[in-house]
S.K.: 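To start, I am sharing the structure in question, which I have written as structure tokens.
The structure displayed is predicted, hence computed values, not measured ones.
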Amino acid sequence: QVQLVESGGGLVQAGGSLRLSCAASGGTFSSYAMGWFRQAPGKERECVAAISRRGAGKYYVDSVKGRFTISRDNAKNTVYLQMNNLKSEDTAVYYCAATGGLGYGTQRAQYDYWGQGTQVTVSS
């Protein structure tokens with residue numbers, strides 16, 4: 001129903017910034033709450049940020065609070081993750097996900113659609 005494509009990943013030095021984008025197509029974007037997940041080798045996929053359908057409700061995992069900002073532009077069918085003051089432990093594949101539930105979720109199983117992932121590597 002909806003396709004998600006992430007972009008903006010890459011290699012950055014510790015302390016630097018990246019902005020990830022997730023473009024949606026094939027569905028009604030405003031009907032989905034969105035999340036950003038990341039998965040490092042040997043670790044569980046974790047939700048780092050989530051945003052409600054209209055953007056008023058937001059969630060951040062404690063480890064990224066104050067450094068990451070999630071936002072969305074429903075007119076552009078796009079969700080963003082601004083990542084500042086990056087640390088080596090932020091290195092992971094980052095995934096965009098969409099859920100048709102009543103509100104955003106923080107668990108992998110709650111999300112219906114996933115992007116292909118984009119690699120973020122932070123060098124120390």
S.K.: If you take all heavy atoms of A92 and A40, which pair is closest and at what distance?
M.R.: CB-N, 3.9 Å
S.K.: Kindly write out the residues that satisfy side-chain hydrogen bond (donor to acceptor under 3.5 Å, both in side chains) with R45, not counting sequence neighbours, or none if the list is empty.
M.R.: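 Result, side-chain hydrogen bond (donor to acceptor under 3.5 Å, both in side chains) vs R45: Q39.
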S.K.: For a quick test of your reading: what N or O donor-acceptor pairs under 3.5 Å do the side chains of residues 13-37 make, sequence neighbours left out?
M.R.:
{"residue": "S17", "atom": "OG", "partner": "N84", "partner atom": "OD1", "Å": "2.9"}
{"residue": "S31", "atom": "OG", "partner": "T28", "partner atom": "O", "Å": "2.6"}
{"residue": "W36", "atom": "NE1", "partner": "Y80", "partner atom": "O", "Å": "3.4"}

S.K.: Mind checking the CD-CZ spacing from E89 to R38? Nearest 0.5 Å is all I need.
M.R.: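 Output value for this atom pair is 8.0 Å.
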S.K.: Would you confirm whether T118, through its side chain, and G9, through its main-chain N or O, come within 3.5 Å as a donor-acceptor pair?
M.R.: yes
S.K.: Does this structure show an ion pair linking D90 with K87, if we count only N-O contacts that are shorter than 4.0 Å?
M.R.: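 Result for this pair is no, no salt bridge flagged.
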S.K.: To the nearest 0.5 Å, what is the distance between CZ on R108 and CD on E46?
M.R.: 12.5 Å
S.K.: Are Y95 and E6 close enough that a side-chain donor and a side-chain acceptor fall under 3.5 Å?
M.R.: no
S.K.: Keeping the roles fixed (side chain from S63, backbone from V61), state whether a donor-acceptor pair exists under 3.5 Å.
M.R.: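 It does not hold such a pair.
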S.K.: Evaluate the side chain to side chain contact (heavy atoms under 4.5 Å, CB included) criterion for residues T106 and Y59: first the C-alpha distance (whole Å), next the side-chain angles of each, then the deciding distance (0.1 Å), finally the verdict.
M.R.: CA-CA 8 Å; T106 61; Y59 162 84; 3.6 Å; yes
S.K.: Taking the side chain as every heavy atom from C-beta outward, state whether F68 and L81 have any atom pair closer than 4.5 Å.
M.R.: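 With C-beta onward as the side chain, the pair touches.
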S.K.: Can any side-chain N or O of S52 pair as donor or acceptor with the backbone N or O of G57 at less than 3.5 Å?
M.R.: yes
S.K.: If every non-hydrogen atom of A50 is compared with every non-hydrogen atom of Y104, which pair is closest and at what distance?
M.R.: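 Scanning both residues completely, I find the closest heavy atoms to be CB-CD1, 3.6 Å.
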S.K.: Distance check, rounded to the nearest 0.5 Å: Q119 atom CD versus L11 atom CG?
M.R.: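 So the CD of Q119 and the CG of L11 are separated by 9.5 Å.
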S.K.: For T69 and Y60, which heavy atoms make the closest approach, and how far apart are they?
M.R.: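 Looking at all heavy atoms of both residues, the closest pair is CA-OH, 3.3 Å.
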S.K.: For the residue pair C96 and V79, establish whether any side-chain heavy-atom pair is separated by less than 4.5 Å.
M.R.: yes
S.K.: Between OG of S123 and CG of L86, what distance do you get to the nearest 0.5 Å?
M.R.: 10.0 Å
S.K.: Is any side-chain heavy atom of Q116 closer than 4.5 Å to a side-chain heavy atom of V93?
M.R.: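 The answer is no; the side chains never approach within 4.5 Å.
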S.K.: Rounded to the nearest 0.5 Å, what separates atom CD1 in I51 from atom NZ in K58?
M.R.: 5.0 Å
S.K.: Any chance you could measure T99, atom OG1, to D112, atom CG, to the nearest 0.5 Å?
M.R.: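 Going from OG1 on T99 over to CG on D112, the span is 5.0 Å.
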S.K.: Where the side chain of N74 meets the backbone of R53, is there a donor-acceptor pair that is under 3.5 Å apart?
M.R.: yes
